[in-house]
Amino acid sequence: MALSIYDSKSAGIRAFEPLTPGKVGIYVCGPTVQSAPHVGHLRSAVAFDIIANWLRVGHGLDVKLVRNVTDIDDKILANAKEQGKDWRELAVEVEAIFNGVYESIGAGVLTRPHATEHIADMVAIIEELINRGHAYQAEGSANVFFDTASWAGYGELTRQKLENMEGEAIGGGRRAAHDFALWKAPKPGEPESASWDSPWGKGRPGWHIECSAMTFAEFGESFDIHGGGLDLRFPHHENELAQSRAAGYSFANFWMHNGLVTVSGQKMSKSLGNGVSVDEFFDQGSPAAVRYWLGSAHYRSTLDYSPNAIADAEAAVSRIQNFMGRNLDVPAGEIPKAFAEAMDADFNVPAALAVLHDAVRAGNSGDSSVAGGVAAMAAVLGIEAEVFEASPELAAKVEALLEERKMARANKDFSRSDMIREELNQLGVTIEDTANGTTWSING
RNA sequence: GGUCGAGUGGCUGAGCGGCCCAAAGCGACAGCCUGCAAAGCUGUAAAACCACGGGUUCAAAUCCCGUCUCGACCUCCA
C-alpha cells in the first residue's frame, strides 16, 4: 500500500493505512436538504466517488461510503414555512432531487443515514457530554451548549485559538461566544412535529451533533476518512471533532476537504447571486462532461467555472468515450502503473487523466494493447462509453438510408450522399466513414 | 485581527529540489487521411525567463525571506 493522502488536520501528506485491514470507512458530509443542489455538492460527490473507486479498484479494499442527509435544521423549517408545506415534505422532495442529480452524474451512494433517524443517538451523546462536564443546559430552557472552554483541543482541526476567533453574541443561555448548540429549544411558531422529547425538554438537535451520531451509528468509535467541502472545516467539522472527542470517541483518522467551486474567481453562493444551477450545467453538456470537468482539477484545488468549461470538457471526454465505443468488446484490463502512481499521490486525478489520454492516443495510433487499460482507468474515474440504443424502427430507417447512400457514393452522386448524411443528422444520427465501412451512432 | 490556500502557455490545469529547454486537455494554424465531412494521426506557433524582488543549493516552477495580487474560513454553506 503506497497510498498517500493529505490530511487536513495534520496539514500534510500521510501514508494511508486502514484502521481495520482490508476495510475502509468513509463518511462524507452530505446535503442539508433545504433547497436545490448546486455544483458544489456535485464536486464533493464526484471527488469522493472517485476516491472510493480507487480504494476499491486500486487497493482492493472493502469500502463503506456513507453520505448523510441532514433533514432537520433551521433552514428547512424556514423554507417549508415560506412555501406553505410541511417541513418533512420539503425535506423528502429536496432529497429526491439530490439523489436524482447524484445518480445522473454517477455519484450515488448506498448508505444514506438521516439525521431524524438518529435523534436518540444524539441525545445519548449529549448526555455523555454533560456527564463529562463538556456541555451544559441553559437555565430555564431546553438549550444545551457545548462548553468550548472545557475542551483544550478545541480549534485543533483548523489550528485556531479561541481568543482569536470571532464569536456569536452571548444569549439564550450561552456562556461563551464560541459555545455551540447541541440541543435547541423550539422557537415560537415552529411546528410540534419538529420537536423531540429529551431530558432537557422538547427540542431538536443543533447543527453538528447529527454527524457525530451518524458516524458512531455507522462505524463505531472510529473510522478512516471524514470528508466534505472546504467550507465545512469550520465550524462544522471543528465542532464535530470537539464533541466527538470530548464524548470519548477517537473519531476520524483522516480529514479530507475538497476545494470550492468559484465563478470568475469568487465562491459560488446564493448570497452573491453568482450561482449556476445544476440544471444550467446539464444544459451545457452531458453528465459525463460535467463529471469530467469536476475532476479536471485536483480535488483540493479551487475549481473555477468559466463559460466554455463544460464545452471543453465535453470535447475531452468525447475522445475517451469515442475510443471506448470502438473497443466495447475489450474487457477492462490492468491499470497502468503511471495511473496508479498518480492516484496514489493523494488522488491526483488530473495527472491520472493525462495517463488516460496518452493511452487513448496510443490506441488511436494503432496500439491495440491499451484498450483494456483505458477501460479500467475510465471505470475508476467514472467515465463510461456512451452508447445510446436506437429503437428498432430508427435502426431500420438508418440502415436503409445508409444503403441508399452507399449506392449514391458508388455512383459518385455526392450531392445525394450528402443529403442523406444531413437527413440522418436531422434524425440525431452521426455517421463516420471508416476503412471498414460506415458506422453510425445516436447523438447524446 | 486570526487561520488556510492560490498566482504556470490563448484558455483549463498537472508538476512542488535534478527525469522540466514544464504533463494532459481545450482552442488556433498547417499537413496526412476522406469525394467532401466526421473521427483520427502528425506537426507548428503563441518569447510558458513558472506573479515580482532577494536568498539557500553543484542544481529551484519546486525550499527560505520579503513584496504585490486573488480567494476561502472565523458559528448559514459541498
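Numbered from 1 within each chain, the chains take letters A, B, ... in sequence-line order. Every value quoted in this text rests on a predicted model; they were computed, and no experiment measured them. Because only heavy atoms are used, hydrogens play no part in the values below, and waters and symmetry mates are left out as well, while side chains stay in.
In this structure, A/Tyr6 places its OH atom 5 Å from P of B/rG5, rounding to the nearest Å. Nucleotide B/rU75 holds its C1' atom 12 Å from the NZ atom of A/Lys75, rounded to whole Å. For the pair A/Leu402 CG and B/rA38 P, the computed distance is 18 Å after rounding to whole Å. The distance between atom CZ of A/Phe323 and atom C1' of B/rC41, rounded to the nearest whole Å, is 13 Å. Between A/Trp293 atom CH2 and B/rA14 atom P there is a gap of 13 Å when expressed in whole angstrom units. Rounded to an integer number of Å, the gap from A/Arg159 CZ to B/rG1 P is 21 Å. In this structure, the CE atom of A/Met324 is 17 Å from the C1' atom of B/rG40, given to the nearest Å. B/rA39 atom P lies 7 Å from atom CD of A/Glu432, rounded to whole Å.
A donor-acceptor contact under 3.5 Å links the side chain of A/Ser417 to the base of B/rG35. At a cut-off of 3.5 angstrom, the base of B/rG35 holds at least one donor-acceptor pair with the side chain of A/Asp418. Side-chain atoms of A/Arg43 stay outside donor-acceptor range of the base of B/rA78, with no qualifying N/O pair under 3.5 Å. For a distance-only test at 3.5 Å, the side chain of A/Asp433 qualifies as a donor-acceptor partner of the base of B/rC36. Taking only distance into account, the side chain of A/His38 meets the base of B/rA78 through a donor-acceptor pair shorter than 3.5 Å.
Stem regions for RNA chain B, each three or more consecutive Watson-Crick or G-U pairs with both distances under 3.5 Å and listed by first number, read B:1-7 with B:68-74, B:10-12 with B:24-26, B:28-32 with B:40-44, B:51-55 with B:63-67.
Within the 4.0 angstrom heavy-atom criterion, base atoms lie near A/Arg405. At the heavy-atom level, A/His298 lies under 4.0 Å from the strands shown only through sugar-phosphate atoms. Heavy atoms of A/Asp74 sit nowhere under 4.0 angstrom from any nucleic acid atom. Using a 4.0 Å heavy-atom distance criterion, A/Val261 is classed as a base contact. Within the 4.0 angstrom heavy-atom criterion, no nucleotide atom of any strand lies near A/Leu230. A/Gly229 comes within contact range of the sugar-phosphate backbone alone, with a heavy-atom separation under 4.0 Å but no base atom that close. Residue A/Gly259 is classed as a base contact, given a heavy-atom separation below 4.0 Å to a base. Among the atoms of the strands shown, none is found under 4.0 Å from any heavy atom of A/Phe339. Residue-level contact check: A/Ile431 touches the bases, meaning some heavy atom is under 4.0 Å from a base atom.
B/rU62 and B/rC21 have their P atoms separated by 14 Å, with the value rounded to a whole Å. Nucleotides B/rA48 and B/rA37 place their P atoms 32 Å apart, quoted to the nearest Å. Rounded to a whole angstrom, the distance from the P atom of B/rC52 to that of B/rC76 is 40 Å. Rounded to a whole angstrom, the distance from the P atom of B/rC20 to that of B/rU56 is 27 Å. Atom P of B/rG18 sits at a distance of 11 Å from the matching atom of B/rC63, rounded to the whole Å. Comparing the P positions of B/rA6 and B/rG10 gives a spacing of 23 Å, expressed to the nearest Å. Taking the C1' atoms as reference points, B/rU57 lies 9 Å from B/rG17, given to the whole Å. Across B/rA60 and B/rC74, the matching P atoms stand 41 Å from one another, rounded to whole Å.
Where A/Ser415 and A/Ala297 each meet RNA chain B at their nearest nucleotide, the meeting point lying more 5' is that of A/Ala297. Nucleotides of RNA chain B nearest to A/Phe98 and A/Thr148 differ in position, and the one nearer the 5' end is that of A/Thr148.
A/Arg405 has no carboxylate O lying under 4.0 Å from a charged side-chain N of A/Asp418, or vice versa, which leaves the two without a salt bridge.
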Practice task
Show the numbers, then the answer: is there a side-chain contact (heavy atoms from CB on, under 4.5 Å) between A/Leu3 and A/Leu55?
Solution key: CA-CA 9 Å; A/Leu3 176 63; A/Leu55 260 14; 3.4 Å; yes
Exercise for the section: May I have the step-by-step check of salt bridge (Lys or Arg N to Asp or Glu O under 4.0 Å) for A/Asp49 and A/Arg291, ending in yes or no? Expected result: CA-CA 11 Å; A/Asp49 183 65; A/Arg291 183 175 168 115; 2.7 Å; yes
Handout entry: Verdict with reasoning, A/His134 to A/Gln243, per side chain to side chain donor-acceptor pair (under 3.5 Å)
Key = CA-CA 8 Å; A/His134 295 303; A/Gln243 71 201 2; over 6 Å; no
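For A/Phe281 and A/Tyr305, the ring centers sit closer than 6.0 Å to each other. Taking the six-membered ring wherever Trp is involved, the centroid distance between the rings of A/His237 and A/His257 falls below 6.0 Å. Ring to ring, A/Phe180 and A/His208 are close: their centroids are under 6.0 angstrom apart.
Side-chain proximity of A/Pro235 to the nucleotides B/rA38, B/rA14, B/rU75 is greatest for B/rU75. With B/rA38, B/rU75, B/rG40 as the candidates, the nucleotide lying closest to the side chain of A/Phe234 is B/rU75. Distance from the side chain of A/Asn258 is smallest for B/rA78 among the nucleotides B/rA38, B/rA78, B/rC36. In this structure, the nucleotide among B/rG35, B/rG2, B/rU75 sitting nearest to the side chain of A/Arg421 is B/rG35.
Geometrically, A/Arg14 engages A/Phe254 in a cation-pi contact, judged by NZ or CZ lying under 6.0 Å from the ring centre and within 45° of the ring axis. Taking the ring axis of A/Tyr136 as reference, the NZ or CZ atom of A/Arg175 stays within 45° of it and closer than 6.0 Å to the ring centre. Both tests hold for A/Arg300 against A/Tyr6: distance to the six-membered ring centre under 6.0 Å, angle to the ring axis within 45°. A cation-pi arrangement, defined by a distance under 6.0 Å to the six-membered ring centre and an angle within 45 degrees of its axis, is absent between A/Arg112 and A/Phe98.
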Please write out the pairs of protein N or O atoms and N or O atoms of nucleotides 24-26 of chain B separated by less than 3.5 Å, giving the distance to one decimal.
residue, atom, partner, partner atom, Å
B/rA24, O2', A/His357, ND1, 3.3
B/rG25, OP1, A/Arg361, NH2, 3.4
B/rC26, O2', A/Asp312, OD1, 2.5
B/rC26, O2', A/Asp312, OD2, 3.4

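At least one side-chain nitrogen or oxygen of A/Ser301 sits closer than 4.0 Å to the OP1 or OP2 atom of B/rA14. Within the structure, a side-chain polar atom (N or O) of A/Asn364 is placed less than 4.0 Å from OP1 or OP2 of B/rC41.
Of the possible polar contacts, none joining the A/Glu341 side chain to the A/Ala345 backbone as a donor-acceptor pair under 3.5 Å is found.
Side-chain atoms of A/Thr70 and A/Asp73 form no donor-acceptor pair, as typed in the model, at a separation below 3.5 Å.
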